Amino acid sequence: MAAAMAVRALRALPHIRIPALPASCSLHTTPPRLKTRAARVRVGKGDKAVTYEKAHPPHYIAHRKGWLSLHTGNLDGERCAAQRAVEDSFVRRFLHGTFPGCLADEAVLKRRSNSLLVCLLLLRRLPPSKLCFLLGYAETLLSHLYKCPVRIEAQTVPDAAVYKYL
Amino acid sequence: MANKINKLNSISDFFSLSLPILLLFQKETNHFRCSAKLALPLCRREISHAAALPKMAAACWVLSGSSRWPALARCCWRAEVAAYFSTPAASSREAQQREVSTRRRGRMSQLIRSHIPPRTERMAVDQDWSSVYPTAAAFKPASVPLPIRMGYPVKGGVPPPKEGNLELIKIPNFLHLTPPAIKKHCAALRDFCTEWPSALDGDEKCEQHFPVEIETVDYVSAGTSIRNPKARIVTLRVKLSNLNLDDHAKKKLIKLVGKRYCKDTDVLTIITDRCPLRRQNYDYGIHLLTVLYHESWKTEAWESEKTEEDMEEYIWENSSSQKNALDTLLQIKATENVSNVTKEELLASEVVRNYRNSVIALKNEGETESNMSQYKESVKKLLNIQALP
C-alpha cells in the first residue's frame, strides 16, 4: 500500500520517469513508518499545554504513572476482568458526555467490594446548581444500570494542571 | 407643530433607550412590570434613529439619578456605556439583546471569581482527623493540610503540586486509618465481641476438645458479583490418634485413604469439592469420615488373603529371615552334635531375639549407622564369631 501511494506520488511529478509496474509490487520508494502512536501526544511547536496524564506514554505506567481504574479482576486467580473493563469504558464515555467540556482530566474509577467510586476533576464551567444536578443524575443512572452503589467524588479546579508544553 | 414634533422626537429617543432598561427590570421587580408593558406599545410605533448619544444618556441619568431604584441606576449606567461605545442601535431589539448578554456574562464572572478558600486554611493543629476522613475516600487536596508533591518532575523542575494532581487521586490512601481512628473502630466493635473460652488455653486443649478441623475459604473481590466457585471447597483435618482405632483398623484406614494420610504428622486430610455448595461439601466430608471409621473396624473375608507384599511394616515372624536364621542355628547345633534343641527354645534365646530386633530395625527404619552396627553385633553373636573385629 505504501508502495502504491509512493508510485502515485511519483507519477504526479512530470519530469520523473518511472518504470511500468504491476498493480501491487514490493518496491519501497519511501522508508516505512513504523512508529507506535498509542496514547502519545506528538511534540509540536511548544504551545500545546499537556497534563501529566497525557504527557506520559503508556510504557510509563507503573513507573511514572498509576492506574486510572483499580479493581481485583486482573490479579492472579481472579475472575471477571473483562466485565470490569467494559464497565470502565462505558462509564468513561458516559461521564464524557454528561459533563461536556468540564472534565479537567481522566476520571479515576475505584472499586471497593461492590461499590464503584468515581473520582472526577472538573473545571468550573457550570454553575454549582447545574453541576450538583448532573452529579446526582450520573450517580443515580449508573447505579441503576450496574445494580451497585455508585458514588461520585468531584473536585473542581480553576483549570487543568499543566505539566509541560509540547 | 414643529415644537410638537421636536417633543415627540425627544420622547421617542427617551423611550428607545429606556425600553431595554424597563424590559430588563421586568424580571427583577414586579412593580416595574406594568410600566414596562405600558412602555412597549408606545415604543413599537416609534422607530427612531439615535440622536446624539450623550443627550440620551443624560436624559436617562436625569431620570434615574434621583430614583429609588439603585439597580435601575446601575443598569442605566451600563446601558449608557454600552450605547456610547457601540454602534448606534438602529432598533431597540439589538440593544435589548446586548443588555441581556452583558447581564449573563456579569453573573458568570461573579461565579468564577468568588470561590471559597480551601478548608486547609481553617484547620486547627489539634483537630479530630477522623472527622475529616471518616471513611475511605479519594485524596482531596483542599482537605489534607500537607504540602505533598507527586509525579516525575519536569527537567529542571519539581514534582507537580497536589492541586489537580491525578496521581494522588489514583493511589489508595489510608488517611481514614490513623491509629486514633483504629482505636475508635476497636472500641465500637468491642460490644459485638465475646471472650475466648478460658478452658481452651492451649493448642493441646483445643485439639483434645475439637479434634476435627474444618477449613473453608471466603473470597472477596471488587465487582458486582460475590460468587466465586473456589469458595465451595472444604478441607477436613483430623489426627488418627484422636480416633478410636485398633491396630488393624488403623492399618486398614490408612490403606483406604491412601495419599490423604501424612505419616509424619499423623494427620488425615480430606478435601471435598465435588458438590456445588459449601454446605453440601461439608456434609459429604463428615459422611466420608464416618464411613471410613466404620469400615476400618470391619474385617472382610478377603482380608485374610493379605500377603507379605501388602504388609505395611516388616514382620519377622514367619519370614525368610527367621527361617534362614533357625536353619543355620540348627545346622550349627547338628554339627556340634547337640540334639533336641527345639525351635521355640532357639526363638526364645537371646541371640536370636537380638538378631530379630536388628533385622526389624533395618527393614523398617532403613539403614543408619546405629542400625548397621547393631546388626553386625547381633550376627556376630548369632554365629559366635566374636574374634573378628
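Every chain is numbered from 1, with letters handed out A, B, ... down the list of sequences. Hydrogens, waters and symmetry mates are skipped; everything else that's a heavy atom, side chains included, is used. Because the structure is predicted, anything quoted here is derived from the model rather than measured.
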- Message: For A:R84 and B:T224: C-alpha separation, side-chain torsions, deciding distance, then whether side chain to side chain donor-acceptor pair (under 3.5 Å) applies.
- Response: CA-CA 9 Å; A:R84 301 292 96 77; B:T224 47; 3.2 Å; yes
- Nearest-0.5 Å distance that lies between atom CG in B:L168 and atom SG in A:C119: 12.0 Å
- Once you round to the nearest 0.5 Å, how far does CD of B:E167 lie from CG of A:L68? 8.0 Å
- Message: Can you confirm whether A:Y163 sits close enough to B:V154 that some side-chain heavy atom of one is under 4.5 Å from a side-chain heavy atom of the other?
- Response: yes
- In terms of heavy-atom pairs under 4.5 Å, which option from A:K65, A:R151, A:Q83, A:E87 contacts chain B the most? A:K65
- Side chain, backbone, both or neither: which part of A:H56 has a non-hydrogen atom closer than 4.5 Å to chain B? side chain
- Task: Using the side-chain contact (heavy atoms from CB on, under 4.5 Å) rule, take B:L166 and A:V108 through it: C-alpha gap first, then chi angles, then the decisive distance, then the call.
- Result: CA-CA 8 Å; B:L166 205 65; A:V108 172; 3.9 Å; yes
- Item | Sole candidate of A:L120, A:L121, A:D105 that passes side-chain contact (heavy atoms from CB on, under 4.5 Å) when paired with B:I169 | A:L121
- Message: Is a donor from one side chain sitting under 3.5 angstrom from an acceptor on the other, for B:S225 and A:R79?
- Response: no
- Hey, does the side chain of A:T72 reach the backbone of B:A222 with a donor-acceptor pair shorter than 3.5 angstrom? yes
- Under 3.5 Å, side chain of A:Y52 to main-chain N/O of B:Y152, donor-acceptor pair present? yes
- So, A:E53 and B:K170, do they make that salt bridge, N to O below 4.0 Å? yes
- Query: What residue, out of B:G223, B:G164, B:A142, B:G151, has the most heavy-atom pairs lying under 4.5 Å from chain A?
  - Reply: B:G223
- Task: Measure B:A137 against the heavy atoms of chain A and call it side chain, backbone, both or neither at under 4.5 Å.
- Result: both
